[in-house]
Amino acid sequence: MTFADGFSYRDGSLHCGPVRIADITRETGTPVWVYHFDSIVARYHEHRDAFAGLTHQTCYAVKANSSLALLRMLARAGCGFDANSRGELHRCLTAGADPTRIIMTGVGKSSADIAAALDAGIAYFNVESASECRLISELATRRGVRANIVLRLNPDIETDTHPYISTGEASHKFGLNPADIRTLASQESWLPGVRIAGLSFHLGSQLVSTDPYRDALRLLLKVLDDITPLLPEAPDVVDVGGGFGVPYAADESALSPESLADVIRDVLGDRAASIQLITEPGRSFVANAGALFCSVEHLKPSAPNRTFVILDAGMNDLMRPALYQARHAIIPVQRDENAEPMLCDVVGPVCESSDVFVAGTELPSSLQRGQLVAILSAGAYGSSMSSTYNSRPLATEVAVVGDAWTVIRERQTLDDMLRGEKLR
């Protein structure tokens with residue numbers, strides 16, 4: 001399981017680091033998220049070190065996994081953050097993040113989002129429209145400050161990924177075309193509350209080739225050269241976004257930070273010394289370092305030689321398979337090498353036909369009600385996208401650090417779900 005950071009079988013029983021999963025679930029119950037924090041820190045260090053020699057800031061994309069404990073750990077390691085809302089910003093600040101290492105992205109920032117970021121003193125706004133640019137200028141001027149903004153370029157580059165996680169084509173809602181960026185740069189003097197500090201792009205998620213980054217960076221530098229004479233201060237920030245692909249199965253490939261860094265150095269060439277580079281990794285830090293552990297509720301025979309394995313976790317817990325047909329490896333926590341394989345569809349209890357984790361997979365025929373299975377590579381866009389649909393409480397979250405484990409989010413109670421509602 002080279003694609004499962006920190007998870008391995010020992011004496012036939014699945015462990016996270018040195019900790020037996022069965023020991024965790026005995027106390028927490030299921031479903032439960034388990035993260036190997038040591039692997040996440042190692043991924044951050046690997047990414048940071050790949051860009052050695054460049055003026056570089058890593059800004060972890062909070063949307064991938066917004067656990068306070070995880071954010072605090074990364075902040076203490078020196079990581080910056082990419083927040084998409086004032087809620088994510090609040091999480092970062094609560095976790096102890098340095099606001100000068102926080103950027104705010106998002107195509108629909110509200111006045112409240114922008115005001116919160118200005119008051120916190122974040123480093124940059126990633127700006128995606130002229131309307132947003134004017135709003136930031138207005139709110140900053142009221143506060144007597146000047147906000148640093150980075151204009152997000154839509155490079156209109158096609159990428160080989162699922163359409164729901166592709167963001168860099170002209171048909172997508174994200175970013176500005178080169179002509180719009182030139183227009184905004186020529187109007188900066190009319191926007192007293194902002195300073196155009198640079199350009200950015202974000203191509204999508206789960207990219208495993210460096211070619212789109214090379215093409216987009218070349219275009220970005222051309223646009224940067226076009227707008228520099230129009231600005232009173234030379235823009236020097238280049239943000240290449242995130243989307244760095246990770247393997248969700250043993251036969252899938254990843255985008256290594258070293259290969260990306262080599263491409264960036266090559267394209268920047270001599271001007272690398274004058275550029276402040278930002279990257280926005282998210283999934284690549286946490287996806288394979290997290291898993292969702294579930295209990296088998298029922299085994300239900302269906303078509304000949306096929307069985308529904310019904311779990312106590314559903315699409316409300318892990319939305320990715322239902323949302324864009326993502327596939328996660330599912331394995332038993334207790335390995336039975338003598339059992340014959342059983343063809344099955346692994347599903348949840350939610351009242352939707354789309355509540356399917358994987359169809360046509362194999363699990364041991366000895367699997368019984370109450371036994372544990374692991375949905376691997378679920379550390380990114382798992383808990384952060386979970387909901388209480390069907391009035392199902394949010395699951396417990398656990399972190400493993402060294403040889404110890406701790407609960408970092410308690411299981412939501414039924415009364416927790418009702419908090420804030422009123423009976424008339």
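All values below come from the heavy atoms of this structure, side chains included, with hydrogens, waters and symmetry mates left out. The residues of the chain are indexed from 1 along the displayed sequence.
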- Apply side-chain contact (heavy atoms from CB on, under 4.5 Å) to V356 and V347, showing your working. CA-CA 4 Å; V356 177; V347 303; 3.9 Å; yes

- Task: Could you check E397 against S67 for side chain to side chain donor-acceptor pair (under 3.5 Å), going step by step and ending with a plain yes or no?
- Result: CA-CA 9 Å; E397 292 185 82; S67 160; 5.0 Å; no

Under the 3.5 angstrom rule, does the side chain of [X] hit a backbone N or O of [Y] as a donor-acceptor pair?
X: S284; Y: F244; answer: no
X: E46; Y: A42; answer: no
X: D215; Y: P212; answer: no
X: N154; Y: L176; answer: no
X: S13; Y: R10; answer: no
X: D266; Y: V263; answer: no
X: R101; Y: G78; answer: yes
X: N148; Y: A197; answer: no
X: S209; Y: D211; answer: yes
X: T30; Y: V32; answer: no

Non-hydrogen side-chain atoms of [X] and [Y] separated by less than 4.5 Å:
X: S386; Y: L318; value: no
X: S274; Y: D236; value: no
X: Y381; Y: V286; value: no
X: D345; Y: V309; value: no

- Message: Is it true that, when you exclude Y389 itself, more than 12 heavy atoms of the residues, nucleotides or ligands shown sit nearer than 6.0 Å to its OH?
- Response: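 Result for OH/Y389: enclosed.
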
- Item | H45, NE2: over 12 other non-hydrogen atoms inside 6.0 angstrom |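 Counting other residues, nucleotides and ligands, NE2 of H45 exceeds 12 neighbours.
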
- Report yes or no: is the cationic atom of R91 (NZ for Lys, CZ for Arg) under 6.0 Å from the centre of the six-membered ring of F81, at an angle within 45° of the ring normal?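 The answer is no, since R91 fails at least one limit relative to F81.
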
- Item | Test: R335 cationic atom under 6.0 Å from Y9 six-membered ring centre, within 45° of axis |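 The answer is yes, since R335 meets both limits relative to Y9.
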
Between [X] and [Y], what is the ring plane arrangement, given parallel below 30°, perpendicular above 60°, and tilted in between?
X: W33; Y: Y35; result: parallel
X: F293; Y: F7; result: tilted
X: Y213; Y: F201; result: tilted

Least distance between heavy atoms, [X] atom then [Y] atom:
X: G282; Y: A64; answer: C-CB, 3.8 Å
X: A95; Y: L71; answer: CB-CB, 3.7 Å
X: E252; Y: V246; answer: OE1-O, 4.2 Å
X: A120; Y: L93; answer: CB-CD1, 3.9 Å
X: S39; Y: G6; answer: OG-N, 3.6 Å
X: N390; Y: C351; answer: OD1-N, 3.1 Å

- Message: With side chain to side chain donor-acceptor pair (under 3.5 Å) as the criterion, how do D113 and S85 come out once you've worked through the C-alpha distance, each side chain's angles and the decisive distance to 0.1 Å?
- Response: CA-CA 6 Å; D113 291 329; S85 68; 5.4 Å; no

- Do we see a donor-acceptor contact under 3.5 Å between the side chains of S200 and N126?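 Per modelled atom types, S200 and N126 side chains form a pair under 3.5 Å.
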
- Message: Just by distance, no angles: are the side chains of T105 and D82 close enough, under 3.5 Å, to form a donor-acceptor pair?
- Response: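 T105 vs D82: donor-acceptor pair found between side chains.
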
So, [X] and [Y], do they make that salt bridge, N to O below 4.0 Å?
X: D415; Y: R419; value: no
X: K63; Y: E88; value: no
X: R392; Y: E352; value: no
X: E233; Y: R146; value: yes

Once rounded to the nearest 0.5 Å, what's the spacing between atom [atom1] of [X] and atom [atom2] of [Y]?
X: L74; Y: C79; atom1: CG; atom2: SG; result: 5.0 Å
X: D262; Y: R265; atom1: CG; atom2: CZ; result: 6.0 Å
X: C59; Y: I103; atom1: SG; atom2: CD1; result: 4.5 Å
X: L268; Y: I275; atom1: CG; atom2: CD1; result: 6.0 Å
X: L372; Y: T25; atom1: CG; atom2: OG1; result: 4.5 Å
X: R134; Y: L184; atom1: CZ; atom2: CG; result: 8.0 Å

- Message: Is there a salt bridge (Lys or Arg N to Asp or Glu O under 4.0 Å) between D225 and R271? Walk through the geometry before answering.
- Response: CA-CA 12 Å; D225 288 340; R271 63 194 297 171; 3.0 Å; yes

- Query: Of the options V34, V398, V400, which is the one that meets V19 in a side chain to side chain contact (heavy atoms under 4.5 Å, CB included)?
  - Reply: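 Of the listed residues V34, V398, V400, the side chain to side chain contact (heavy atoms under 4.5 Å, CB included) partner of V19 is V400.
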
- Query: In a check of side chain to side chain contact (heavy atoms under 4.5 Å, CB included) between F125 and each of L118, V150, V194, which one passes?
  - Reply: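 Exactly one pass, corresponding to L118.
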
- Please step through side-chain contact (heavy atoms from CB on, under 4.5 Å) for the pair V237 and L199, ending with a clear verdict. CA-CA 6 Å; V237 175; L199 300 179; over 6 Å; no

- Option passing side chain to side chain donor-acceptor pair (under 3.5 Å) with T396 (candidates E27, R411, E410):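 It is R411, the one option of E27, R411, E410 that forms the side chain to side chain donor-acceptor pair (under 3.5 Å) with T396.
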
- Item | Trace of the side-chain contact (heavy atoms from CB on, under 4.5 Å) decision for Y124 with I278 | CA-CA 11 Å; Y124 303 104; I278 296 174; 3.9 Å; yes

- Message: Assess the residue pair S256 and S259 against the criterion (side chain to side chain donor-acceptor pair (under 3.5 Å)); give the C-alpha distance rounded to whole Å, side-chain angles, the decisive distance to 0.1 Å, and a yes or no.
- Response: CA-CA 5 Å; S256 76; S259 64; 3.0 Å; yes

- Message: Ring centroids only, cut at 6.0 angstrom: are F357 and H328 within range, meaning strictly under it?
- Response: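 Ring centres of H328 and F357 not closer than 6.0 Å.
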
- Message: With a 6.0 Å cut-off on the ring centroids, do H15 and H36 count as close?
- Response: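 No.
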
- Message: Using the rule given for side-chain contact (heavy atoms from CB on, under 4.5 Å), can you reason through L277 versus T55, listing the C-alpha separation, both sets of side-chain angles and the distance that settles it, and then say yes or no?
- Response: CA-CA 6 Å; L277 179 69; T55 303; over 6 Å; no

- What do the steps show when you test R142 against E138 for salt bridge (Lys or Arg N to Asp or Glu O under 4.0 Å), and what is the final call? CA-CA 6 Å; R142 287 183 199 169; E138 176 187 333; 2.5 Å; yes

- Query: Does the salt bridge (Lys or Arg N to Asp or Glu O under 4.0 Å) test come out yes or no for E280 and R152, once each step is laid out?
  - Reply: CA-CA 13 Å; E280 302 171 10; R152 178 171 174 175; over 6 Å; no

